[in-house]
Protein chains: 2
Amino acid sequence: MNEQNKSPVRDRIILQCTEIFLQSGFSKISMDEIAVSLGMSKKTIYKYFSNKEELVKTVMETFWNESLSQIDSVMKEDGVDSLLRLIKFLELAGDRASKIHKTYMEDLIKYFPDYWRGFDERRRSMLKTVVGKIMSDGKKEGVIRNEVDEDFFILVFQSVIASIANPEVMAKIPYSLHQVFKNIVEILFMGVLTKEGREKYRGKYLT
Amino acid sequence: MNEQNKSPVRDRIILQCTEIFLQSGFSKISMDEIAVSLGMSKKTIYKYFSNKEELVKTVMETFWNESLSQIDSVMKEDGVDSLLRLIKFLELAGDRASKIHKTYMEDLIKYFPDYWRGFDERRRSMLKTVVGKIMSDGKKEGVIRNEVDEDFFILVFQSVIASIANPEVMAKIPYSLHQVFKNIVEILFMGVLTKEGREKYRGKYLT
DNA sequence: AACTAAATAAACTAAATTAGTTTCCTTTGT
DNA sequence: ACAAAGGAAACTAATTTAGTTTATTTAGTT
């Protein structure tokens with residue numbers, strides 16, 4: 001059971017299931033349907049994943065690890081000031097989040113609540129680490145006001161992502177995620193920037 | 001069983017199910033889920049509909065009848081030349097079609113193939129009647145070339161709607177249905193219009 | 001051409017879900 | 001107090017599903 005941990009077939013299964021699960025969740029998708037959509041038999045799937053739960057969690061972990069490595073490269077990128085980094089991170093996080101349909105999260109919460117809680121905690125702490133780092137840099141650079149409360153900013157940040165960067169809302173808005181975030185960033189930033197930061201922002205990133 | 005044929009409750013059920021079914025089909029949606037989403041018990045639903053099949057078909061019929069009456073008012077509207085009428089009809093048909101998700105049609109084809117065939121036939125004949133009427137008017141008015149084959153035009157018309165005016169495609173296009181149809185209409189019309197019609201079109205409906 | 005490894009198709013079983021019914025209980029208006 | 005109507009939930013028979021097994025097909029190797 002679950003012999004290999006790396007193989008092109010296994011990767012194909014994960015890739016296809018990521019697409020299916022993000023779109024439609026997993027509770028309403030049968031293993032037969034997955035097999036048919038992959039053009040393979042269930043036997044092959046069960047060779048790489050011992051049960052549906054393992055498949056679902058692997059898909060989620062893979063998606064999360066991809067996100068992490070994307071975030072990592074944004075954080076390591078140099079020649080980027082903290083303001084641009086914050087924008088890049090916001091867009092990245094938003095882009096990822098906008099792919100996850102409501103049904104998928106509902107399924108996770110319903111069927112694997114413990115796993116979900118752990119996942120949610122990881123996400124929360126990542127956000128705190130990343131945004132915290134960017135903000136303290138921004139304060140040092142003098143583009144973010146010293147009085148700005150980091151936790152509060154993260155909270156606002158988080159709720160914006162949760163309420164707007166999901167497919168259900170995006171489908172109703174006639175703007176691209178990029179456009180939406182440009183506007184949000186503009187609104188959000190005006191409150192946290194120093195005079196200097198505000199000028200920098202207007203000059204470099206706006207429109 | 002299925003006592004009333006008109007009641008606000010019955011209408012609410014149809015309205016809600018239309019939304020659910022168009023979005024997600026009906027095979028993956030249980031009667032329990034429908035009841036919960038309506039905030040009522042299954043008992044009430046089964047008071048108005050003797051089984052799921054009847055509910056599904058009623059929803060489809062209602063949607064179809066609404067479409068018909070909208071089309072009817074476009075056809076009866078006066079002070080409208082045949083060119084504008086064709087545009088209006090195309091937009092209407094496209095708008096309706098763009099709400100029907102693939103899963104819904106797949107479910108209909110799979111579970112009620114006879115009903116689907118009948119429905120498809122009705123749709124086809126409606127299209128022939130309506131577009132036929134508009135085109136013969138257009139020819140009389142001298143805005144559509146006499147050589148244009150009606151059946152061929154309907155065929156193109158139909159395949160455009162089928163391939164573009166569905167939610168799956170629309171979600172990937174960063175334009176509104178209105179914009180998409182404006183462009184299609186422009187491309188499509190240039191081939192069927194007389195010199196006179198082309199001038200009229202450019203002057204009145206473009207951009 | 002025979003052999004082997006691996007995958008598919010399809011049948012199968014036990015567990016879970018679902019359509020449709022029924023029972024009991026609460027609400028609402030009379 | 002009463003009756004009608006609907007909600008919550010239990011229930012059953014039928015269907016669907018996860019996971020397994022068996023037989024058949026395919027592709028590569030010798």
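Lettering follows sequence order; numbering is per chain, from 1. Computed from heavy atoms alone, side chains included, the values below leave out hydrogens, waters and symmetry copies.
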Worksheet item: Tell me the ring-ring contact (aromatic ring centres under 6.0 Å, His included) pairs involving residues 67-88 of chain A, sequence neighbours left out?
Response: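 Output for this query is empty, none listed.
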Practice prompt. Give the angle between the helix axes at the two ends of the helix from C:dA1-D:dT30 to C:dT30-D:dA1, taking five base pairs at each end and rounding to 10°.
Written response: 30°
Item to complete: Using side chain to side chain donor-acceptor pair (under 3.5 Å) as the criterion, list what pairs up with A:Gln179, not counting sequence neighbours.
Response: A:Ser176
Worksheet item: Does any pair with a residue in residues 100-109 of chain A pass salt bridge (Lys or Arg N to Asp or Glu O under 4.0 Å), and if so which ones, sequence neighbours excluded?
Response: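 Output for this query is empty, none listed.
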Practice prompt. Name all pairs fulfilling the salt bridge (Lys or Arg N to Asp or Glu O under 4.0 Å) condition that reach into residues 153-167 of chain A, sequence neighbours left out, sorted by first residue then second.
Written response: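 Residue pairs passing salt bridge (Lys or Arg N to Asp or Glu O under 4.0 Å), neighbours aside: none found.
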Worksheet item: So does B:Thr44 get a side-chain nitrogen or oxygen closer than 4.0 Å to the phosphate oxygens (OP1/OP2) of D:dA5?
Response: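 False: B:Thr44 side-chain N/O out of range (4.0 Å or more) of D:dA5 OP1/OP2.
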Discussion item. Can you tell me if A:Ser41 touches the phosphate of C:dA10, counting only side-chain N or O atoms and a distance under 4.0 Å to OP1 or OP2?
Written reply: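 So the side chain of A:Ser41 is outside the cut-off, no N or O lying under 4.0 Å from OP1 or OP2 of C:dA10.
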Applying salt bridge (charged side-chain N to carboxylate O under 4.0 Å, His left out), name anything that partners [X], two or more places apart in sequence or on another chain.
{"X": "A:Arg12", "answer": "none"}
{"X": "A:Asp151", "answer": "A:Lys128"}
{"X": "B:Arg85", "answer": "none"}
{"X": "A:Glu53", "answer": "A:Lys57"}

Practice prompt. Please list, by residue number, the residues of residues 14-22 of chain B whose heavy atoms come closer than 4.0 Å to an atom of DNA chain C; answer none if no residue qualifies.
Written response: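 When residues 14-22 of chain B is checked for heavy atoms under 4.0 Å from DNA chain C, there are no hits whatsoever.
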Response to the item:
In 5'-to-3' order, the base (B), backbone-only (S) or no-contact (-) status of each nucleotide in nucleotides 14-30 of chain C, using a 4.0 angstrom heavy-atom cut-off, is ----SBBB-BB------
Item to complete: Identify, with sequence neighbours excluded, every residue that meets ring-ring contact (aromatic ring centres under 6.0 Å, His included) alongside B:Phe153.
Response: B:Phe157
Item to complete: In whole angstrom, give the distance that lies between atom NZ of A:Lys47 and atom P of C:dA6.
Response: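 Rounded to the whole Å, the gap is 6 Å.
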Discussion item. Between P on D:dA5 and CZ on B:Arg10, what's the gap in Å once rounded to a whole number?
Written reply: 17 Å
Discussion item. Between A:Arg117 and A:Asp120, does any side-chain N to carboxylate O distance fall below 4.0 Å?
Written reply: no
